Asks: 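If you scroll down you'll find the structure; I have some questions about it.
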Number of protein chains: 2
Amino acid sequence: MGQPKIRNMEEFAAVSGISRPTVSKYFNDPDSVRRSTRAKIEAALEKHDYQPNVFAMNQNRRTTKNIGVVVPNLADPFFSEIGRRVELACIDAGYSPIILSSHGSAEMERDNLNSLRSLKPTGVLLAPFGRMSDKDFVRDFDDDFPLVLFDANINDVGQAFVGTDNFQSVDLMVEYLCRSGEPPCFFEMKSPTNPNANKRRQAYIESMERHGHTPRIFQAEGDGWDFEEIGSVQGGRLLSEQAFGTNTVLCSNDRLAIGMLSAAYGLGLRVGHGAGCDMRIAGHDDHPFSRYTCPPLTTIAQDYEAIANRAVSDLFGMLNDETWPESRPETLFEGRLIMRDSA
Amino acid sequence: MGQPKIRNMEEFAAVSGISRPTVSKYFNDPDSVRRSTRAKIEAALEKHDYQPNVFAMNQNRRTTKNIGVVVPNLADPFFSEIGRRVELACIDAGYSPIILSSHGSAEMERDNLNSLRSLKPTGVLLAPFGRMSDKDFVRDFDDDFPLVLFDANINDVGQAFVGTDNFQSVDLMVEYLCRSGEPPCFFEMKSPTNPNANKRRQAYIESMERHGHTPRIFQAEGDGWDFEEIGSVQGGRLLSEQAFGTNTVLCSNDRLAIGMLSAAYGLGLRVGHGAGCDMRIAGHDDHPFSRYTCPPLTTIAQDYEAIANRAVSDLFGMLNDETWPESRPETLFEGRLIMRDSA
DNA sequence: ATTAAAATTTTGCGCGCGTAAATTAAGGCA
DNA sequence: TGCCTTAATTTACGCGCGCAAAATTTTAAT
């Protein structure tokens, strides 16, 4: 690297023998300058490691290269996983993702969107709280920035939605459970913080009726995000009271199921579909740890990769078209049944 | 809100009847202006929702309000938990934390530090890979920015370190295990990506010798971050071969232990310290899910909260003192023994 | 009331870069 | 070769704000 430290684009332009604005063009899009000047610039970059001042760059730009990514709770492995993939997809596309977790609070979801506002993002990918979100606030936000929702939908908010087809996925599970044993009851939280909970309950009811069975739903008290705790304590109480009236429990998500498995173990109940088992427990989401529960959890795998990639490509598609589509496409990926030992 | 949208600080200063630079001072520190002018500004803020342009602000500032936070892998609940607490502590102190995950790659750790460089952070909190980190690179980085390491130490890098005293915590566990049953062997990865692995092995060896036992170490092949998989597959193989030569296994971290518990379950081994149990398994870290394993995992709890708070306060202390301490304080918090059923 | 000292506000300037308009160079065709 | 079109480059200006120094006000002390 050259000794005389380059302090700004002016100086860098000087050493590369090009005018500053042309250098500016280069940094915005290396292909927008003549091949020969590009070579000169890149030669200079070799010896003089310079990089433009981010703040000065973004100050006057019509459009930054920032992409906001907001998820409800990074501490939940589901969101940390999908957030990671979204992040990498943005980087690959040459953008700077800014990941924000709302830490389980709808209020912080607002704060996060407000913070993003001042970063003038080119677009925003939001996994909202769903019912808990401040819908009007998010709606206002999407007037100002291209917005793609993922994981949880809010009607008519954002220019696109990408997620899992809960009706398909829950039906898949219900069908499997009915075919292979007693019809399942459904275990969930009474006031779920979880965005897709309502859809899954509805899907369970419809699916059970379609299969000619009576849906039975058990709702745990409690709020917050400590699903395993709720599944363990309240699910455990229901188990010990033998309240379910069936030997098969479908949990609204894996984290509840993980808690319930732990309670079942504590009660000495043998969970599984093999001979000599007392009951079956199934989940939904294919949580990273559900492979390692005892027994391993039968569940539905959401297609993280596909959801993340589609959300990103929907957004970038919009950005390139300039015009926001009137259609508001909703893409639903199918869940896959992951058969393990618990059900 | 007033109809005529405020476009910049100039206009906002006009409607509030104060000069622009004074308004600027207010936004940098509301207490630095006279009480009466502060009232005027805040009155104007009520009606004219304005907020300064972040990019213009940071462009000329000697020191931004940005704090970089870099962790090895946000998908690991340990780091997502400690990252969350660091983030909140920074916000409370009036700073803007920027959390970056290196996604398990030392190369991306470099990229992340480079990205931070251009954001001119006031300070950086780094949980490095440890042995895997590009030490020279990090060392260079700490010439330019106040840097506090946490979780994993690198000698003489950064101005302070905060973490857990692995020698104390492992000794605590070894002492407990020896007192209550057979002395433990130690299960870890051969080439651990995990930063504290080497310290823990060393601590195990010393502690066993101090207690008059022969240390026995078993190392699993494989790299990457899929610890549960490695614990399950390789730990399971060792279990089925009865290779350990003791009924008690201390795992280098909870995620390995979770995998091994899963394998033990699959093999029909009863894990626990009660009558009729075949073996004991213990971990380290009090991973969020270790309460819900079967049986619940006996482990060492690191004091997340204390580590996060101390790392942040060390950094802010440095920032206020202006002068970086020559001492490079290293703070080690004690681990707590969490006794559950697995050992 | 007078004045010095301290606190606060204002004046004036420049940061590093984006971008529209003006200029120049490159490429195509007869 | 000359002319024209188009692409590339340069000129000229301004963005929104931080900050040092100057001007002013307030406070404290006599």
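Residue numbers start from 1 in every chain, and the chains themselves are labelled A, B, ... in the order their sequence lines are given, proteins ahead of strands. All values derive from a computational prediction rather than experimental measurement.
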Asks: Using 4.0 Å as the upper bound for N to carboxylate O, is an ion pair formed by A:Asp314 and A:Arg310?
Replies: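 So A:Arg310 pairs with A:Asp314 through a salt bridge.
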Asks: Salt bridge check, A:Glu81 against A:Arg84: does any charged N sit closer than 4.0 Å to a carboxylate O?
Replies: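 Salt bridge flag = yes for A:Glu81 with A:Arg84.
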Asks: Closest approach to the side chain of B:Met57, judged atom by atom: which nucleotide of D:dG16, D:dG18, D:dT11 is it?
Replies: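 Nearest nucleotide to the side chain: D:dG18.
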Asks: Is there a donor N/O on one and an acceptor N/O on the other, under 3.5 Å, for the side chain of B:Asn60 and the base of D:dC17?
Replies: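 Per atom types, the contact qualifies.
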Asks: With a 4.0 Å cut-off, would you call A:Arg85 and A:Glu87 a salt bridge?
Replies: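 Salt bridge flag = no for A:Glu87 with A:Arg85.
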Asks: Calculate the interatomic distance between B:Lys120 atom NZ and D:dG18 atom P; express it in whole Å.
Replies: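 Nearest whole value for this atom pair: 12 Å.
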Asks: Using whole Å, what does the distance between atom C1' of nucleotide D:dG18 and atom CZ of B:Phe55 come to?
Replies: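 Going from CZ in B:Phe55 over to C1' in D:dG18 covers 17 Å.
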Asks: Could you pull out every donor-acceptor pair under 3.5 Å between side chains of residues 17-27 of chain B and any protein atom, sequence neighbours left out?
Replies:
from    : atom 1 : to      : atom 2 : distance (Å)
B:Ser19 : OG     : B:Thr22 : OG1    : 3.1
B:Tyr26 : OH     : B:Glu42 : OE2    : 2.8

Asks: Within the pair B:Tyr50 and D:dC17, is there a side-chain N or O less than 4.0 Å away from OP1 or OP2?
Replies: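 Checking B:Tyr50 against D:dC17: at least one side-chain N or O falls below 4.0 Å of OP1 or OP2.
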Asks: Within less than 4.0 Å of OP1 or OP2 of D:dC17, is there a side-chain N or O belonging to B:Ser24?
Replies: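 Result: no.
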Asks: Tell me yes or no: between the side chains of A:Gln59 and B:Asn53, is some donor less than 3.5 Å from an acceptor?
Replies: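 No, no side-chain donor-acceptor pair sits under 3.5 Å.
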Asks: Write down the distance between CD (B:Gln51) and P (D:dC17), rounded to a whole number of angstrom.
Replies: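 Nearest whole value for this atom pair: 11 Å.
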Asks: Does A:Arg62 reach a base, just sugar-phosphate, or nothing at all? Heavy atoms under 4.0 Å.
Replies: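 Sugar-phosphate contact only - A:Arg62 comes under 4.0 Å of backbone atoms but never of a base.
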Asks: Can you tell me the distance, in whole Å, between the CG atom of A:Asp29 and the P atom of D:dA8?
Replies: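 Those two atoms, CG and P, are 11 Å apart.
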Asks: In this structure, how many angstroms lie between the C1' atom of D:dC15 and the CG atom of B:Asn8, rounded?
Replies: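 Distance check: B:Asn8 CG to D:dC15 C1' gives 9 Å.
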Asks: Indicate, with a heavy-atom threshold strictly under 4.0 Å, whether A:Phe27 touches base, sugar-phosphate, or nothing.
Replies: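 It contacts nothing in the nucleic acid.
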Asks: Of the nucleotides D:dC19, D:dC17, D:dT9, which one has an atom closest to the side chain of A:Ser19?
Replies: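 The nucleotide sitting nearest to the side chain is D:dT9.
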Asks: Is it true that A:Arg117 and A:Asp144 make a salt bridge, defined as a side-chain N closer than 4.0 Å to a carboxylate O?
Replies: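 Result for this pair is yes, salt bridge flagged.
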Asks: Can you tell me the distance, in whole Å, between the CG atom of A:Asn58 and the P atom of D:dC17?
Replies: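 Computing the A:Asn58:CG to D:dC17:P distance gives 15 Å.
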Asks: With sequence neighbours excluded, tell me which residues meet side-chain hydrogen bond (donor to acceptor under 3.5 Å, both in side chains) with A:Asp76.
Replies: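 A:Asp76 satisfies side-chain hydrogen bond (donor to acceptor under 3.5 Å, both in side chains) with A:Arg255 once adjacent residues are dropped.
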Asks: So what does B:Phe12 hit on the nucleic acid, given a heavy-atom distance under 4.0 Å: a base, only sugar-phosphate, or nothing?
Replies: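 No contact at all - B:Phe12 keeps every heavy atom at 4.0 Å or more from the nucleic acid.
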Asks: Heavy atoms of chain A, cut-off under 4.0 Å: which first and last nucleotide of DNA chain C, 5' to 3', fall inside that, if you could look?
Replies: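 Here the contact window of chain A covers C:dG16 to C:dA26.
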Asks: Between A:Arg34 and D:dT9, is there a side-chain N or O to OP1/OP2 distance below 4.0 Å?
Replies: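 The answer is yes; a side-chain N or O of A:Arg34 sits under 4.0 Å from OP1 or OP2.
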Asks: Rounding to an integer number of Å, can you tell me how far B:Gln59 CD sits from D:dC17 P?
Replies: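 Those two atoms, CD and P, are 11 Å apart.
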